[in-house]
Protein chains: 2
Amino acid sequence: MSSATTTAPHPAGLARKLADSGLRSTPQREVVYEVLLKRRDHPTADEVFTRVKPELPSISLATVYNCLETLVQCDLVRAVNFERGPTRYCPNLIPHAHFHDEVTGQTHDIDLPPALFAKLKAVVPAGFDANAVEITFRGKFIASSVN
Amino acid sequence: MSSATTTAPHPAGLARKLADSGLRSTPQREVVYEVLLKRRDHPTADEVFTRVKPELPSISLATVYNCLETLVQCDLVRAVNFERGPTRYCPNLIPHAHFHDEVTGQTHDIDLPPALFAKLKAVVPAGFDANAVEITFRGKFIASSVN
DNA sequence: CCCCTTCTTTGGAATAGTTCTAATTATCGC
DNA sequence: GCGATAATTAGAACTATTCCAAAGAAGGGG
C-alpha cells in the first residue's frame with residue numbers, strides 16, 4: 001500500500017506512524033488504537049481501559065493514558081474535552097465539530113464544510129495567530145422518526 | 001484589551017438578578033461579581049479568591065466557588081473551559097468566541113458576527129437540538145507592544 | 001546469541017481542581 | 001426578637017490525571 005496524503009485510520013498505519021516519530025509499536029499501543037477505531041463513541045481513558053482489558057488483562061490504567069497520549073502526539077487520535085469532564089478520544093482526523101448531548105452525556109461528530117472553518121479563522125483579529133479551532137455544540141439529540 | 005465590549009453589567013444589577021431567582025444579595029456575592037467586572041482577564045476560581053480576599057479576609061475558597069456557580073446560574077457570568085484546565089470566569093454575556101494563548105495561558109474574547117453563529121447552528125443536522133455553541137481558538141498572540 | 005542501552009510498562013503515590021458535608025452564622029418575615 | 005430558611009465556612013472527600021521509581025521488553029553490535 002503506497003502512502004496516502006491523508007492517513008487512513010487503520011491499525012496497519014500505526015506502526016509506520018509510530019516509527020516516523022521514533023517510537024516502537026507495542027501490543028498495548030496497537031490494542032488501544034484498535035479499540036478506538038472499533039467503537040467510535042468518544043470513550044474516556046477509563047472506558048478504553050475496560051475495553052482493552054479483556055485483550056490484555058495485565059495492562060494498567062497508566063499505560064492506557066500513556067498510549068492515548070502517544071497516539072495524540074502522533075496525530076492519529078484527537079483528544080476532546082467538554083466542560084471539565086474526563087477527556088474523550090476520537091480517531092476521526094478530519095476537521096469536525098462535536099455535539100455534546102446534555103441528557104445522555106454522549107458526544108457526536110458533526111461534519112462542517114471546510115468553508116466555514118475558513119470563515120471562522122478569518123474573523124480572528126490581527127495579532128492573533130490561531131493554529132486550531134474547536135467547535136462544540138451543546139443540546140439534546142432528539143430521536144428522529146427516520147432511521 | 002480585546003474587543004467584545006458589552007452592556008456593562010453593573011454591580012447594582014446583581015441584587016435584582018439574584019432576587020429574580022429567589023436568592024439573596026450577600027457581601028461575598030457582590031465582591032466576587034465586582035472583581036470579575038473590574039479585571040476581565042478570565043480569572044480562575046483561585047485567582048478570584050486572592051482578589052476578593054483583601055476586601056473580605058474571612059472568605060473561603062468554597063464560598064468563591066459557590067458564588068461563581070450562583071452567578072453562572074443567574075446568567076451574569078459565563079464559565080469558560082479550555083482543555084481540562086481550571087474553569088475561568090467571564091462577565092461578558094454577549095455571544096463571543098475565546099482565544100487561548102498557548103504561550104502565556106491567557107484567554108481573550110473574540111467578537112464574532114452574529115451571522116456566523118447563525119451559519120454554525122445551521123450546519124447542525126436534523127435531530128440535534130443545539131442550544132449553545134462554544135468556539136475556542138488556540139494559538140499565539142503575536143506581540144503588539146500595546147497592552 | 002549475549003550484552004548494553006534505550007524504550008516501555010507497571011502499580012502506587014501524588015497532585016490539581018472541585019465538590020461535599022456538617023456545623024456555624026446571617027438574614028428575612030412576622 | 002424569634003423561628004425558619006439561606007449562606008458561609010473549614011476541612012474532608014473525590015475524580016481525573018500525572019509522576020515516580022522499578023521491573024520488563026526489544027533491538028543492535030560484537
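In what follows, every heavy atom counts, from backbone to side chain, and hydrogens, waters and symmetry copies are set aside. These numbers were taken from a predicted model, which means no experiment stands behind them. So you know, we letter chains A, B, ... as the sequences are listed, proteins then strands, and number each from 1.
Using modelled atom types and a 3.5 Å distance limit, the side chains of B:Asn131 and A:Glu102 yield a donor-acceptor pair.
Distances shorter than 4.0 Å separate none of the side-chain N or O atoms of A:Arg24 from OP1 or OP2 on D:dA25. Note on A:Gln28: a side-chain N or O is less than 4.0 Å away from OP1 or OP2 of C:dT10. For the pair B:Ser60 and D:dT8, the criterion of a side-chain N or O lying under 4.0 Å from OP1 or OP2 is not met. Taking side-chain N and O atoms only, A:Thr87 has a distance below 4.0 Å to OP1 or OP2 of D:dT17. Considering only side-chain N and O atoms, B:Tyr65 lies nowhere under 4.0 angstrom from the phosphate OP1 or OP2 of C:dT19.
Here the C1' atom of nucleotide D:dA10 and the CZ atom of B:Phe49 are 11 Å apart, to the nearest Å. Atom CD of B:Glu30 is separated from atom P of C:dT27 by 11 Å (rounded to the nearest Å). With rounding to whole Å, A:Leu56 atom CG is found 14 Å from C:dT8 atom C1'. Look at CD on B:Glu69: it is 18 Å from P on C:dG17, rounded to the nearest Å. Atom pair A:Leu61:CG and D:dC19:C1' shows a separation of 13 Å (rounding to whole Å applied). Between the C1' atom of C:dG17 and the CZ atom of B:Arg84 lies a distance of 9 Å, rounded to the nearest Å. Computed from coordinates, the B:Leu68 CG to C:dT19 C1' distance equals 14 Å when rounded to whole Å. In this structure, the CD1 atom of A:Ile59 is 14 Å from the P atom of D:dA25, given to the nearest Å.
The aromatic rings of B:Phe137 and B:Phe99 sit parallel, their planes meeting at an angle under 30°, below the 60° perpendicular limit.
Using modelled atom types, no side-chain atom of A:Asp101 and backbone atom of A:Gln106 make a donor-acceptor pair closer than 3.5 Å.
Of the charged side-chain nitrogens involved, none lies within less than 4.0 Å of a carboxylate oxygen, so that A:Arg78 and A:Asp109 do not count as a salt-bridged pair.
Here the side chains of A:Asn81 and B:Asn81 are not in contact, with every heavy-atom distance at 4.5 Å or above.
Position along DNA chain D of the nearest nucleotide to A:Ala45 versus B:Thr63 favours B:Thr63 as the more 5'-ward residue.
If you check C:dT18, C:dT10, D:dT8 against the side chain of B:Arg29, the one that comes closest is D:dT8. Relative to the side chain of A:Pro86, the nucleotides C:dG12, D:dT9, D:dA16 differ in distance, and D:dA16 lies closest.
Across all strands, B:Thr44 comes closer than 4.0 Å to no nucleic acid atom at all (heavy-atom distances). Using a 4.0 Å heavy-atom distance criterion, B:Asn66 is classed as a base contact. Using a 4.0 Å heavy-atom distance criterion, B:Thr26 is classed as a sugar-phosphate-only contact.
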